[in-house]
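Below, all heavy atoms of this structure are taken into account, side chains as well, without hydrogens, waters or symmetry copies. In this chain, residues are counted from 1 in sequence order.
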Amino acid sequence: MMTRLGGGPEIVETGNRPWDHDWRAGTVTAKSDFTDEEWTRIVRAPFVAGMAISLADPGGPIEAAKESMATLKSATNPPSREQLVAEVALEIQGMVQQRHNPVSGYKPTAGQPPGEQVLDELKAVQAIVASKATPEESAAFGQWLVAAAEAAAHAAKEGGFMGFKAQLVSEREQDMLDRVRSSVAG
């Protein structure tokens, strides 16, 4: 028999005592719910989202550094406290402290525009998360990816001369940001 206690998670009763129940799997999603390859893709996804913005309107090395730092800050400080998002952020923090590259192993290949490959990767990762996580966790994960892309987009002014007449977010960055948002929408 399944019941929902006080709006909480569903439980399956296995006996007559209140503690004889099995919390329904999937109410909280963790690293153990994913394969190693899936988890690697999930951990690097915020950085791939930031990369989408950098690829949309490449600037100089200072702009690239600002966008990378903004993505890192967003990846380690997610806007949600959903269990899955928090666990990924903690993993990223650990990797950064150990000076490991969270994006290692990912590189767009020749044959298809890099921006399209990045969007395809984000769609695929969002699908992995959606297949194993709760709807709330999946939505929070997608919102986090959008937040990482937004952080990169707002990190450096684009165009202009020495800051004059520069835009905070260029048209190409805004277009990519909209595409990232639609790619990870639930």
Side-chain angles (χ1 to χ4, degrees), residues 29 31-79 84-133 137-138 140-159 169-186:
T29 311
K31 179 179 181 176
S32 60
D33 295 314
F34 300 96
T35 66
D36 289 343
E37 180 190 347
E38 289 170 338
W39 187 251
T40 298
R41 292 174 78 184
I42 289 167
V43 168
R44 74 176 169 223
F47 298 98
V48 173
M51 185 187 303
I53 301 303
S54 297
L55 290 170
D57 195 3
I62 293 173
E63 288 173 3
K66 286 181 178 181
E67 290 170 351
S68 295
M69 291 304 296
T71 302
L72 176 62
K73 184 176 180 182
S74 178
T76 56
N77 296 298
L84 176 63
V85 173
E87 193 169 346
V88 175
L90 284 172
E91 177 117 353
I92 292 169
Q93 288 174 359
M95 292 177 80
V96 170
Q97 289 172 352
Q98 295 174 5
R99 303 201 187 281
H100 292 233
N101 182 358
V103 191
S104 67
Y106 179 76
K107 184 178 178 182
T109 58
Q112 185 183 9
E116 295 301 319
Q117 291 180 55
V118 166
L119 291 172
D120 289 345
E121 175 69 7
L122 293 174
K123 285 178 195 174
V125 171
Q126 185 65 32
I128 291 167
V129 170
S131 73
K132 297 185 179 185
E137 288 172 324
S138 180
F141 186 78
Q143 291 164 359
W144 183 32
L145 298 182
V146 171
E150 286 175 341
H154 290 95
K157 290 184 177 181
E158 304 292 332
V169 179
S170 72
E171 288 180 30
R172 291 188 298 211
E173 286 178 331
Q174 185 59 53
D175 178 57
M176 182 58 80
L177 188 54
D178 293 340
R179 293 174 72 196
V180 166
R181 190 174 284 113
S182 67
S183 294
V184 299

Partners meeting side-chain hydrogen bond (donor to acceptor under 3.5 Å, both in side chains) with Glu150 (sequence neighbours left out): Arg181
Sidechain-backbone polar pair: Glu137 side chain, Thr29 backbone, donor-acceptor under 3.5 Å: yes
Under 3.5 Å donor-acceptor, Gln93 side chain and Thr76 backbone: yes
Minimum-distance pair of heavy atoms, taken over all atoms of Pro102 and Arg44: O-CB, 3.0 Å
Nearest heavy atoms of Ala124 and Arg41, plus distance in Å: CB-NH2, 3.2 Å
Minimal non-hydrogen separation, Ala75 against Ala89, with atom names: O-CB, 3.6 Å
Distance, nearest 0.5 Å, that separates CD of Gln126 from NZ of Lys123: 12.0 Å
Side chain Glu173, main chain Ser170, donor-acceptor under 3.5 Å: yes
Closest contact, heavy atoms only, Thr71 versus Gly50: OG1-CA, 3.5 Å
Partner set under salt bridge (charged side-chain N to carboxylate O under 4.0 Å, His left out) for Asp175, not counting sequence neighbours: none
Separation of Ser131 OG from Phe34 CZ (nearest 0.5 Å): 7.0 Å
Residues that Arg172 engages under salt bridge (charged side-chain N to carboxylate O under 4.0 Å, His left out), provided they are two or more places apart: Asp57
Separation of Glu67 CD from Leu55 CG (nearest 0.5 Å): 9.5 Å
Inter- and intrachain pairs under side-chain hydrogen bond (donor to acceptor under 3.5 Å, both in side chains), touching residues 102-112, at least two apart: Thr109-Gln117, Gln112-Asp120
Listed partners of Lys31 passing salt bridge (charged side-chain N to carboxylate O under 4.0 Å, His left out), at least two apart: Glu91
Partners meeting salt bridge (charged side-chain N to carboxylate O under 4.0 Å, His left out) with Glu38 (sequence neighbours left out): Lys132
Side chain to side chain contact (heavy atoms under 4.5 Å, CB included) between Val125 and Phe141, intermediate numbers included: CA-CA 10 Å; Val125 171; Phe141 186 78; 3.8 Å; yes
Met69, CE atom: more than 12 neighbouring heavy atoms under 6.0 Å: no
Main-chain N/O of Asn77 paired with Trp144 side-chain donor or acceptor, under 3.5 Å: no
Value rounded to 0.5 Å, distance of CG in Leu122 from OG in Ser183: 6.5 Å
Nearest atoms (heavy-atom pairs only) where Val129 meets Ser138: CG1-CA, 3.9 Å
Nearest non-hydrogen partners of Leu145 and Val184, listed with the distance: CD1-CG1, 3.7 Å
Separation between OG of Ser68 and CD1 of Ile53, rounded to the nearest 0.5 Å: 12.0 Å
Distance, nearest 0.5 Å, that separates CE of Met51 from OG of Ser54: 8.0 Å
